[in-house]
Amino acid sequence: MASTIVNVGPIQGLDYVGLRPAKPPKLNSGRIQIKTRPQRLFTVTASDGDGPMGKTRLTDAECEAAVVAGNAPHAPPAPPKPAAPAGTPVVSLLPINRRPRRNRRSPALRSAFQETSLSPANFVYPLFIHEGQEDTPIGAMPGCYRLGWRHGLVEEVSKARDVGVNSIVLFPKVPDALKNSTGDEAYNDNGLVPRAIRLLKDKYPDLVIYTDVALDPYSSDGHDGIVREDGVILNDETVHQLCKQAVAQARAGADVVSPSDMMDGRVGAIRTALDAEGFQHVSIMSYTAKYASSFYGPFREALDSNPRFGDKKTYQMNPANYREALIEAREDESEGADILLVKPGLPYLDIIRLLRDSSPLPIAAYQVSGEYSMIKAGGVLKMIDEEKVMMESLMCLRRAGADVILTYFALQAARSLCGEKR
């Protein structure tokens, strides 16, 4: 059977505007040789066309034949090279093969090659609670409140969940009348924290609730442990109390208990106590590298938990120390910690990276009250762009190696990530 070859010759008198021909094309068929001439077939622009199937009213074979014949359509010309400003020196190109700026020259490329991501799922939202019904503003922490545990707390959790923050950590402001030297209120099954946990779990069963395990909110001395009459913080006796506190929190429904006291051996003891009571599923986030920092001031105002005397330097770490964090991390890992936390966050990025590089466990960072308040104050004084600095600080914590970030910015940052206005 003889084959028929369809050839497309020059299209005379045609000049396409966009993708629409000025008049229907005339096609030649049969066994004839294709004639070529340096004449354009049509001009393409980006915005014209009459649908995906009929842009040129030519078949694929006809379009290909026209290109083979030398009648390729003309696209818009390449944009001219932008001129440098007057006075720019004329120099020879630097003899470099690698120019990293090539991967940063447009938003699309920067986004494609971004190494670190930030999501509301990375945030744990610290919330202060009290026995009152009204939400009380905290002067040193603009935008933060002591939330009434029955109403304000539930409403704040709802707002956070709406923008993807589904993890919180609770800090109680305990009435002074319930405080004593041994912090017994810490393990009261009907205390403020257990009640709040039960309420939240009843309303939001899938909410991830972290708790703080330490005696300072419950101690009449304001220290994280039991204080001997000579001012020494008792280690093992304190750990005994902490185990009872962790079990009470787990019994109420806590998902993660977080010993922040920095007593020696407390992680292993808490793990044993939880397992003995049937709470093998409850995780431990250890405050592994908690430094005796000056960035905690606003937090202590929020909980009214300043030490009655002295400081916390005999149990919290020296800010000058780096290698010591490895000692703490190895002990916590061996004792059964599930998450290792560094506190404070931004001033201790090197410690976050140290633990990230040395441990397979998830790493948490606490962007503490002083960090939060400084950014807020700088924003109010128009010295910085609060929103941009907030997001940059959180990204830096992630870049350093933090898997989760405890931050008072959790709700505000999540709204920013979701595109909402403050």
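Just so it is clear, the values below take in all heavy atoms, side chains as well, and ignore hydrogens, waters and symmetry mates. When a residue number appears, it is its place in the shown sequence, counting from 1.
Listed by chain and number, the residues in a salt bridge (Lys or Arg N to Asp or Glu O under 4.0 Å) with D261 are R266 (sequence neighbours excluded). Legend: residues meeting salt bridge (Lys or Arg N to Asp or Glu O under 4.0 Å) with D236, ordered by chain and number and at least two apart, are absent. With sequence neighbours left out, D202 forms a salt bridge (Lys or Arg N to Asp or Glu O under 4.0 Å) with no residue at all. Applying the ring pair (Phe, Tyr, Trp, His ring centres under 6.0 Å) test to F123 and every residue at least two apart in sequence or in another chain returns nothing. Not counting sequence neighbours, the partners of A121 by the side chain to side chain contact (heavy atoms under 4.5 Å, CB included) test are S119. With sequence neighbours left out, the salt bridge (Lys or Arg N to Asp or Glu O under 4.0 Å) criterion links K343 to no other residue. For E324, the side chain to side chain contact (heavy atoms under 4.5 Å, CB included) test picks out M317, N321, with sequence neighbours left out. Listed by chain and residue number, Y125, L127, L147, K159, L411 satisfy the side chain to side chain contact (heavy atoms under 4.5 Å, CB included) test with E156 (two or more places apart in sequence, or in another chain). D403 pairs by the side chain to side chain contact (heavy atoms under 4.5 Å, CB included) definition with R356, P362, I363, not counting sequence neighbours.
Residues Y408 and S369 have side chains in contact (heavy-atom distance under 4.5 Å, counting atoms from C-beta outward). Side-chain contact check for E387 versus Q412: some heavy-atom pair is nearer than 4.5 Å. Under the 4.5 Å side-chain criterion, counting only non-hydrogen atoms from C-beta, L406 is in contact with L341. Contact check for D255 versus I209: side-chain heavy atoms found under the 4.5 Å cut-off. In this structure, the side chains of V163 and P120 stay at 4.5 Å or more apart for every pair of heavy atoms. The closest side-chain heavy-atom distance from D184 to Q241 is below 4.5 Å. Looking at heavy atoms from C-beta onward, V256 lies out of side-chain contact with V282 at the 4.5 angstrom threshold. Put simply, the side chain of L242 does not reach to within 4.5 Å of the side chain of P259, judged on heavy atoms.
Side-chain contact annotation: E333 with S359, donor-acceptor N/O pair under 3.5 Å present. D212 and S258 form no side-chain donor-acceptor contact under 3.5 Å, judged by distance and modelled atom types alone. A donor and an acceptor atom, one from each side chain of N180 and E185, are nowhere located under 3.5 Å apart. Counting only N and O atoms by type, the side chains of R195 and N188 include no donor and acceptor under 3.5 Å apart.
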Check the pair M263, L234 against side chain to side chain contact (heavy atoms under 4.5 Å, CB included), reporting the backbone distance first and the verdict last.
CA-CA 9 Å; M263 298 297 117; L234 298 175; over 6 Å; no
Between H223 and D216, does the side chain to side chain contact (heavy atoms under 4.5 Å, CB included) criterion hold? Intermediate values first, please.
CA-CA 5 Å; H223 277 281; D216 53 327; 5.8 Å; no
Applying side chain to side chain contact (heavy atoms under 4.5 Å, CB included), run through S181 and V227 and close with a yes or a no.
CA-CA 7 Å; S181 59; V227 184; over 6 Å; no
Kindly indicate, with the supporting measurements, whether the criterion side chain to side chain contact (heavy atoms under 4.5 Å, CB included) is fulfilled by S416 and M391.
CA-CA 9 Å; S416 180; M391 298 306 294; 4.1 Å; yes
Working note: D162 + R415, criterion salt bridge (Lys or Arg N to Asp or Glu O under 4.0 Å); need CA distance, chi angles, decisive distance, verdict.
CA-CA 9 Å; D162 285 344; R415 284 174 170 170; over 6 Å; no
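Across all their heavy atoms, S393 and I375 have their closest contact at OG-CD1, 3.9 Å. A pairwise comparison of heavy atoms in A325 and T288 identifies O-CG2, 4.4 Å as the closest pair. Between K313 and A292, the shortest heavy-atom distance links the atoms CG-CB, 4.0 Å. Heavy-atom minimum distance, E335 versus G268: OE1-N, 2.8 Å. The shortest heavy-atom contact between R102 and N97 is NH2-O, 2.8 Å. Smallest separation of non-hydrogen atoms from V267 and I284: O-CD1, 3.8 Å.
Environment of CZ in R330: sparse, with no more than 12 heavy atoms of neighbouring residues, nucleotides or ligands closer than 6.0 Å. In R323, the CZ atom is not crowded: 12 or fewer heavy atoms of neighbouring residues, nucleotides or ligands sit closer than 6.0 Å.
Note on residues 175-219: no pairs pass ring-ring contact (aromatic ring centres under 6.0 Å, His included), not counting sequence neighbours. Legend: ring-ring contact (aromatic ring centres under 6.0 Å, His included) pairs involving residues 245-289, not counting sequence neighbours: none detected.
Side chain of E371 to main chain of L346: a donor-acceptor pair is present (N/O by atom type, distance under 3.5 Å, no hydrogens or angles).
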Determine all donor-acceptor pairs shorter than 3.5 Å in which one atom belongs to a side chain in residues 164-171; sequence neighbours excluded.
from	atom 1	to	atom 2	distance (Å)
N166	OD1	R161	NH1	2.5
N166	ND2	D206	O	3.0

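No close placement of the Y296 and Y366 rings is indicated, their centers lying 6.0 Å or farther apart. Y372 and F409 have their aromatic ring centers within a separation under 6.0 angstrom.
Between E386 and K376, at least one side-chain N (NZ, or NE/NH1/NH2) sits under 4.0 Å from a carboxylate O, which counts as a salt bridge. Between D189 and K244 there is no salt bridge, since none of the side-chain N atoms of the basic residue sits less than 4.0 Å from a carboxylate O of the acidic one.
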